[in-house]
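Working notes for the structure below.
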Amino acid sequence: MGRAEIKLFQRDAESVAEFLRPRLTGDKKVKIITHTDADGISAAAIIARCLYFYDVPFNVHFSRPKKTEEIAKLAEEDYDLFIFLDQGSGQVEAIHKFILAKNKDVVIIDHHPGNLPKHPNLVYLNPHTCGLNGAKDVSASGGAYLVAERLDLRFRHLVGLALIGAIGDRQEFFSGFTEVNDLIAKRAIDLEIVRQGEGLRLIGRSMTPVFESLHKSTRPFIVGISRDPSACRILLKELGISQTITISEFHPEDEKNLADAIFSRVGSIAEREEFRHALWGTVYTNTSDQIIGPRDLREYATILDACANFKKADVALAMATGDETFVKEAMELLNLRQDEMIKSVGWLVKRLDLLKDAGNFRYIYCGDEIDPSLIGESISLLIESGTVEMDKPLLGLVDTPTEEVKISGRGTPRLAMEGVDIGGGLNAASAEVGGFGGGHDVAAAARIPADKMNEFLNKLNEFFARKKDGL
Ligand SMILES: [Mn+2]
């Protein structure tokens, strides 16, 4: 991978811009269909801001990728142009059958794989058709941004949103961004629209007093600090740091001192790279006043996701399109989300006595202590807390109200490189006990009948053992 693939992707972005230009005259009505997460919201915000600029009437709809019958219904709506963001590649057949067949226009900006046949009324931008990796090299927001930039260089101040979407989709790695994301980040930094630095990566660094950031910290959950207000107070007092300023207002020396104090307080946890990188590393700061809300890009992505989690993606979109009146509500939703997550991950960290080693993976059965909708993220946060060794996959299991057990599995990029495929494992083992599941090599989920838990764990252990032996 490299220059040639990135060039192809940029050429495709130009084709989408060319397709859009004559359709942005204001007499065509546009429907945007996008995903309910930070990437989908950021991508929609970028395109929405272009449409505002050109006075094009439009409507934004948030949903999971649509089923065939839903696309048939969508085609009945009174719009001339349908823009699918962060989805659409997997629905091309239905899009052809129902929307293109009605002589309507379609744009797909997506980073999920799919079979994309050509049609005169369809253009798409997708890293998979350019030899790039859609899971890590670019998100839907990155694609949307490149299209916007080609429409008019004045949209360049939106570049922060491209990176917010990538961060939301966890496309930022210990070593930084890759390929198209890397190109976008470098350009944003060169143009001084985004500033890159090193610092504490705690959520809230640009908007919340440090005391709040610390005692509500889930990324990472800091043993002995998170959920312990008096420990936070003492720590800040010892360092002579005011509780009420934000981390971004710190003297650079204080920021380093606070990090060192935390590292020394957590003892051997400080040696776990998941914890180290979660606490300290690259931070990106938006400097353009065209994007309102938090300046820190990770914080921004977390807020968008928090809104989406409470089914308030419209609040997130309003903020991301520049409506100041929604910032407060978005921040409140972030607060609620953090309360929820810190309760779950706090419980996990406290009950590590329940953690069991199955041989080829570790697991923790939580009964009904953690909500099934939160277990996946909770396990990710448990890993970032540095309290579990990650030389093998980690699974969280919870009871559901429907007499099932939900399983969320998480690995690390290193395990994936060694060939550990959690999605494949959960898929195979759940199928063998009458359940279902799947996902990616580093993150996956499954559901099984409640009485089949032990059988499932044995099957999964065998699956990983077979893979290890190269069978
Ligand atoms: Mn995405």
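Order of listing sets the numbers, starting from 1, for every ligand and every atom in it.
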Does E377 pair with R170 as a salt bridge, N-O distance under 4.0 Å?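 The answer is yes: the pair qualifies as a salt bridge.
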Any idea which N/O/S atom from D169 gets closest to the Mn ion (ligand 1)?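 This residue's closest N, O or S atom turns out to be OD2.
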Report, one line per pair, each donor and acceptor closer than 3.5 Å where one atom sits in a side chain of residues 274-284; sequence neighbours left out.
unit_1	atom_1	unit_2	atom_2	d
R276	NH1	A270	O	2.8
W280	NE1	E198	OE2	3.4

Do T285 and R295 have a side chain donor and acceptor closer than 3.5 Å?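 Looking only at side-chain atoms, R295 and T285 do not form any donor-acceptor pair under 3.5 Å.
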The Mn ion (ligand 1) contact by H111, N, O or S atom under 2.8 Å: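 Of the N, O and S atoms in H111, at least one lies under 2.8 Å from the Mn ion (ligand 1), which means yes.
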What does the angle at the Mn ion (ligand 1) come to, between atom OD2 of D86 and atom OD2 of D39, rounded to 10°?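 So the angle at the metal works out to 90°.
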Passes side chain to side chain contact (heavy atoms under 4.5 Å, CB included), L153 versus E149? Steps please. CA-CA 5 Å; L153 284 181; E149 191 192 63; 4.1 Å; yes
